[in-house]
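Only one structure is covered here, and it is reproduced in the block below.
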Amino acid sequence: MEMTGGAHHDMLEGALMQLDAVAERIKLDPGIHKRLRQPQRALIVSVPTLMDDGRLDVFTGYRVQHDLTMGPTKGGIRYHPNVSLEEVTALAMLMTWKCALMGLPYGGAKGGVCCDSTQMSRAELERMTRRYTSEIIGVIGPDRDIPAPDLYTNEQVMAWMMDTYSMQTGVTSPGVVTGKPLLLGGSLGRREATGRGVYYIVKAATKERGMPFNGAKVAVQGFGNVGSVAARLLHEEDCCVIAVSDHRGGIYNPRGLDIARLLTECAKDGSISQSQDGDRISNRELLELECDILIPAATEGQIAEENADRIRAKIIAEGANGPTTPEADQILAQKGTLVIPDILANAGGVAVSYFEWVQDLQQYFWHEHEINARLSEIMTAAFQRVLSLARVERVDLRTAALMLGVSRVAEAKKLRGLYP
Ligand code: GLU
């Protein structure tokens with residue numbers, strides 16, 4: 001799933017283009033528009049790390065806080081060779097619109113370290129995580145900015161971050177990160193939340209389109225925490241998951257894949273690419289399969305100008321952040337494809353992160369059924385809000401979702417006024 005060198009730059013440009021277009025549509029105050037085009041804070045840090053062979057490596061880390069108007073900022077931390085200031089800035093901006101759209105009391109943030117974590121040992125990852133956390137410690141905290149998992153980070157990474165923060169402040173602070181292990185104040189249902197949210201959205205979207213849900217043909221790009229959970233839940237509800245892929249490639253079986261078996265194989269081999277369950281296909285080919293629902297749940301920029309025309313799915317639910325470029329969006333709109341944008345489709349993760357944070361602050365923990373019920377409610381309500389606005393304004397769902405998100409932040413900024 002390679003991207004061209006300019007892709008991150010393009011991603012930020014794309015995010016700004018989207019904001020500009022929405023600003024025009026909602027007649028956004030020019031001053032507020034200018035403020036929203038730039039992140040409030042961006043921090044670049046060096047992360048010197050002792051490698052197992054005795055060498056010292058210096059990684060570059062980032063944390064960007066886009067908007068702090070409505071509360072602390074919120075957003076994931078990714079470990080990936082493509083991490084750059086531009087990419088993280090674009091993703092922080094998306095987090096702002098996502099939190100606002102979902103009605104969460106947060107602004108958006110994103111962070112990451114530019115590294116290939118797949119080539120690092122657990123001990124190296126721990127040392128890098130701890131040093132990165134102490135380098136950004138001045139800007140994070142339960143009431144400042146609350147990181148969470150993203151690409152190639154997980155519960156263990158969150159546990160190390162929470163420990164580093166707690167040791168340095170002298171107070172055990174579960175609320176400083178979300179997506180933690182349960183024992184350390186994590187929430188039931190958080191690990192599955194993003195994939196589960198995608199599943200609720202797909203269910204709502206097929207209903208809206210009058211398409212049968214049972215038996216619907218689904219292709220999922222990415223078999224990480226988002227794609228694998230969405231595929232499992234859809235498979236359990238009798239959707240026909242015909243293709244899945246990970247970074248090494250995908251497998252395809254028009255009669256449907258056995259997702260439970262693939263999960264076991266993946267846990268054993270670390271990849272699904274060796275599975276005998278179907279034919280080998282590439283990530284590119286997966287996107288172009290004949291199917292009802294396509295879930296891009298890998299990385300950004302996967303559906304672009306050059307392949308958008310060949311996408312045959314009727315519904316695209318964006319599990320990843322920014323998988324569709326603005327040029328591709330236009331092509332898909334002309335074809336009548338229903339694209340459910342990332343800030344809505346994958347918002348289940350941050351929604352349950354919010355539940356986790358609330359539980360940590362109150363030291364009072366909820367049952368899993370309560371969490372899933374609230375998640376279902378928050379996802380379906382947001383889907384309906386976006387759908388109604390899209391109908392009234394005659395725009396696509398992404399534009400409607402952005403209009404809702406941006407307006408809410410703008411309104412809050414207006415109420416607070418400009419300091420000093
Ligand atoms: N990284 C996830 C996202 O992009 C979750 C963020 C969070 O839970 O704060 O939405």
Side-chain angles (χ1 to χ4, degrees), residues 11 15 62-68 70-80 83 87-113 136 139-155 157-158 161-162 174-181 185-187 189-198 201 222 224-227 229-230 296-300 317-323 340-360 371 374-375 378-379 382 401 405:
M11 195 186 179
Y62 306 89
R63 185 71 183 169
V64 174
Q65 300 173 348
H66 174 254
D67 177 73
L68 291 118
M70 282 186 280
T73 43
K74 188 89 195 76
I77 303 276
R78 51 173 60 185
Y79 289 170
H80 197 270
V83 166
E87 183 199 52
V88 170
T89 303
L91 291 165
M93 189 182 283
L94 276 182
M95 283 305 301
T96 298
W97 315 141
K98 193 189 298 187
C99 292
L101 170 66
M102 303 309 285
L104 308 178
Y106 298 131
K110 202 76 164 199
V113 179
I136 63 165
V139 300
I140 60 171
D143 51 4
R144 287 172 183 271
D145 178 15
I146 306 122
D150 198 85
L151 279 185
Y152 295 97
T153 53
N154 55 21
E155 288 176 7
V157 172
M158 293 305 118
M161 289 191 79
M162 179 270 204
V176 66
V177 289
T178 57
K180 295 176 297 293
S187 174
R190 173 62 185 87
R191 196 187 298 157
E192 298 81 21
T194 315
R196 182 174 283 279
V198 171
I201 285 289
N225 190 41
V226 183
V229 173
T299 54
E300 52 254 29
E318 296 185 333
N321 287 312
I340 307 160
D342 44 11
I343 61 169
L344 171 62
N346 73 25
V350 72
V352 179
S353 272
Y354 167 61
F355 300 161
E356 178 174 334
W357 180 72
V358 168
Q359 293 172 79
D360 288 338
I371 288 158
R374 287 188 194 218
L375 174 62
I378 203 171
M379 295 304 294

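Start at 1 and go down the list; that is how both ligands and their atoms are numbered. Reckoned from all heavy atoms, side chains included, excluding hydrogens, waters and symmetry mates.
Listed by chain and number, the residues in a side chain to side chain contact (heavy atoms under 4.5 Å, CB included) with A148 are K74, T178, R190, S353 (sequence neighbours excluded). Considering only residues two or more places apart in sequence or on other chains, D342 meets the side-chain hydrogen bond (donor to acceptor under 3.5 Å, both in side chains) condition with none of them. Take D145 and apply the side-chain hydrogen bond (donor to acceptor under 3.5 Å, both in side chains) test, not counting sequence neighbours, and it matches R63, Q65, T73.
With E356 as the partner, the salt bridge (Lys or Arg N to Asp or Glu O under 4.0 Å) test is satisfied by one option alone out of R191, R374, K180: K180.
Enumerated by chain and number, the residues approaching ligand 1 to less than 4.0 Å through a heavy atom are K74, G75, G76, M95, K98, K110, A148, P149, D150, R190, N321, G349, V350, S353.
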Exercise for the section: List the steps, then state whether side chain to side chain donor-acceptor pair (under 3.5 Å) holds for N321 with N346. Expected result: CA-CA 8 Å; N321 287 312; N346 73 25; 2.8 Å; yes
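Taking a cutoff of 4.0 Å between a charged side-chain nitrogen and a carboxylate oxygen, R78 and E300 qualify as a salt bridge.
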